[in-house]
Chemist: 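This is the structure, below, for whatever I ask next.
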Amino acid sequence: MNAHSALLEGLNPQQKAAVEYRGDALLIVAGAGSGKTRVLTHRIAHLIETRDAWPSQILAITFTNKAAAEMRERVHQLLGETGEWMWISTFHSACVRILRKEAEHLGYLKSFSIYDSSDSRALIKRLLKDTGAEYHGLKPGGVQAMISKAKNELKDADAFARGIDSNNPYASYTAEVFRRYQEELRASNAFDFDDLVAETVYLLRDFPEVANRYRHRFRHILVDEYQDTNHAQYQLIRELTRPIDPMHLPEDLAIRRDLPTNPASLTVVGDSDQSIYAFRGADIRNIVEFERDFPGAQVILLEQNYRSTQNILDAANGVISHNFDRKDKNLWTSAGSGELVSAYVGYNGHDEAQFVADAIEQLRITGTPYREMAVFYRVNAQSRPIEEVFTRAAVPYRVIGGTRFYDRAEVKDAIAYLLSVANPLDSLSLRRILNTPKRGIGPATEAQLQVYAETQHLSLRQALAHVDELPLGPKVVAEIKVLTAILDDAEALAAEGKVSEVLQLIIDRTGVLRSYRATRDPQDEARAENVEELLAVTIEYEKQNPEGGLVGFLAEAALVAGVDDLDDESGTVSLMTMHTAKGLEFDAVFVTGLEEGLLPHRISLGEPGGVNEERRLLYVALTRAKKNLHISLSGSRAVYGDIEAAAPSRFLDEIPAELLNWKSRPPRKAAEDRSLLGTSSWQDDPPKQKIEWKNSISSVRDNGDLQLSPGDRINHDNYGQGRVMDVTGEGSKAKAVVDFSNFGRKTLLIKIAPITKL
DNA sequence: TGGTAGAGGATTTTT
DNA sequence: TCCTCTACCA
């Protein structure tokens, strides 16, 4: 191979070094927008081009399916056709792939089901009822979180039980539920999400022959977003990068003499400033202590940013530099300073959304396509006012993430049928469909079946076949036989392959579509469409994965995330949470809701390091922008249908003031702080370009302790004159119900509403 | 067993 | 505010 591969062209010296380095361990510290995907894909292609690796020896792990697909695509482009044998996937998919082959070692069948978090919550809920732990104040969500946390730390039910304080009845009940939960999963031949990784680690630890097979297979392991790995994922990587033990080889490898024994090379890419998943077990120490874990590791820093303008970077750097516990890093760009960061304070969430909608139209007129614009928020609930305003303003948008397609009840029902067919031991899925659609098999019947199954040591599915031995009414018996026949026929059909045909059979025989279509309810129509959409998905799956089969399809369905839906072709603005935004980039970005309690989120304040993680979250959001960055907040926020006053986020003051171009009056608090520091006072300047933003409403004001009582007449900046009908609440939360002659009744927060008493 | 109404509860981020 | 669960009635 010639020394100057085309793969190195156009790379900066650090990137080049990262592509060319050959050694056991490499840490690439990649700041936001520093071209890490480029480096990773070029490194993979370069390994192959230089014959340092065969495609089959590569294992590349990403955080999302979308990132994996993108990486596969780009490697494919660089190399041509040879991507086939590479494993480029998420942790979970890679583990599923290993477990599908090796499940029997763990006493599982290859057809195992994968339970997502709502499945496992449903199971935990039932167990809480069964064990009576419910009455001790245990809630499904809390127990689920504890079990998940334990599994991410590679603690099984026994270890969990050993580790608890015996005086804590709470924990001992949880331990009991944990134990039962795990038994139930095993009996159902099912893994939950966390098991996929944890059980793979146990597999590699307990079966050296298996471990050595994979160590031999994967000579080059690359991990993206390493700062987000949790302990179990970290241990998985450790197991795979141990030296090969020649004393424990699978038979087919044992006869080979030329076998290497050195460990696989490991490349990790990450940025501790973008660690935003500590709440779900991501351990930032994995990346911080990489050099200690892998002595002799090479470290390469990528600090040149190719995405954003300098102003955007300065704003982001200003925020992140307030995290004292980080290694200082200096992101720079040669792109020039660019535009200032637009900022806006709305009177309420709708007003803020209106600012966003107006700015989006401005951008579109000047040539930015909708698909290059995105709106970020901290919590999904914030999307509602934005959607309302966008719909009214005819801004085409798509909400990314949130409720997944596969989380919709009717889709889950159909999937539960397929799971019951693929894995007859799966009692959770079988319970779900037992009476779906309604066929008269209620809780009482279900309980009888369960008792019978337990006493006869049968699975629930087998118990169904023995209905005649149970004291049940003739109607119920007949219905159970109908269900059993459907499942049996579907199973026979599944053996021949086609997923879509199996689903079609289930749809026909259960009559779901017909029953949805029979009603007038438009929601039922939507349900029918979702079921048809699922059918279309199965057909597409067969095309893409002719060998996948039912089990393969179900695994894919279980592992897709909301982000994976994002396709770049649609000409719409993307709405998503800041978490979802990680790894994406847009020409224009709107970061909304910069308010105390929302960002940082109030719940995070109680967690250790919580505020720092929130700050990193904002950093991630800001660095998604290529050319235009907008930040906004609102003086009041609807929370559970209640309107509350909102204070500007502490992070707002961390963005250098000279970078901000206020499109409204700046918030009072931030402005005061700045004038105290001696910088120019915003309040002296008239708001710039105010007219440009039609519909914008003047910023948050403070009416002090304005007292209103029913009967008073007021004037509102937007709604005109109105009469106070009622006053509720005290102090800063006092609200007035006002009847406006032209706008009807509105509830206003007296302290901040743009009103004057007449 | 199924449907409905009413109360109550819940709301961070998700591979 | 909205969604879910429960209790009660047909």
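All values derive from a computational prediction rather than experimental measurement. Just so we're on the same page: letters track the sequence lines, and every chain starts at 1.
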Chemist: Considering only the P atoms, how many Å lie between C:dT6 and B:dT11, rounded to the nearest integer?
Modeler: 15 Å
Chemist: Atom NZ of A:Lys129 and atom P of C:dT6: how far apart are they, to the nearest Å?
Modeler: 5 Å
Chemist: Remember a base hit wins even if backbone is also touched, and classify A:Ala444 as base, sugar-phosphate or nothing at under 4.0 Å, heavy atoms.
Modeler: sugar-phosphate
Chemist: In this structure, how many angstroms lie between the P atom of C:dT4 and the CG atom of A:Asp407, rounded?
Modeler: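 Taking atom P of C:dT4 as the reference, CG of A:Asp407 is at 12 Å.
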Chemist: Between atom NZ in A:Lys125 and atom P in B:dA10, what is the gap in whole Å?
Modeler: 12 Å
Chemist: Nearest whole Å is fine: how far is B:dT13 P from A:Leu618 CG?
Modeler: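 The answer, rounded to whole Å, is 17 Å.
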Chemist: Determine whether the aromatic ring of A:Phe279 stacks with the base of B:dT12, defined as ring centroids separated by less than 5.5 Å and ring planes inclined by less than 30°.
Modeler: no
Chemist: Quick check: any donor-acceptor pair below 3.5 Å linking the side-chain of A:His579 to the base of B:dT13?
Modeler: yes
Chemist: Assign A:Thr445 to base, sugar-phosphate, or nothing according to its heavy-atom contacts below 4.0 angstrom with the strands shown.
Modeler: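 Counting heavy atoms under 4.0 Å across all strands, the contact made by A:Thr445 is with sugar-phosphate only.
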Chemist: Given atom CG of A:Asn65 and atom C1' of B:dT15, what is their separation to the nearest angstrom?
Modeler: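 Taking atom C1' of B:dT15 as the reference, CG of A:Asn65 is at 8 Å.
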Chemist: Return whichever of A:Ile603 or A:Phe193 has its heavy-atom-nearest nucleotide of DNA chain B closer to the 5' end.
Modeler: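 Per heavy-atom nearest nucleotide, the more 5' residue is A:Ile603.
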Chemist: Say you pick atom P in B:dT13 and the same atom in C:dT4; how far apart are they, in whole Å?
Modeler: 15 Å
Chemist: I'd like to know whether A:His601 forms a ring pair (Phe, Tyr, Trp, His ring centres under 6.0 Å) with A:Phe279, so could you lay out the CA-CA distance, the side-chain angles of the two residues, the decisive distance to 0.1 Å, and finally the verdict.
Modeler: CA-CA 13 Å; A:His601 196 279; A:Phe279 73 92; over 10 Å; no
Chemist: Where each residue is assigned the nucleotide of DNA chain B containing its nearest heavy atom, which of A:Asn435 and A:His92 is assigned the position nearer the 5′ end?
Modeler: A:Asn435
Chemist: Over how many whole Å does the gap from A:Phe91 atom CZ to B:dT15 atom P extend?
Modeler: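 It works out to 15 Å between those atoms.
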Chemist: Students often get this wrong, so: under 4.0 angstrom with heavy atoms, is A:Asp228 touching a base, only sugar-phosphate, or nothing?
Modeler: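 The answer is nothing, as A:Asp228 stays clear of every strand by at least 4.0 Å.
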Chemist: What's the CD1-C1' distance between A:Ile276 and B:dT13, to the nearest Å?
Modeler: 8 Å
Chemist: Are side-chain heavy atoms of A:Tyr226 and A:Tyr234 found at a separation under 4.5 Å?
Modeler: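 Yes, side chains in contact.
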Chemist: Is the base of C:dT1 touched by the side chain of A:Arg384 through a donor-acceptor pair closer than 3.5 angstrom?
Modeler: no
Chemist: Starting at atom CZ of A:Arg602, determine the distance to atom P of B:dT13, rounded to an integer number of angstrom.
Modeler: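 Nearest whole value for this atom pair: 13 Å.
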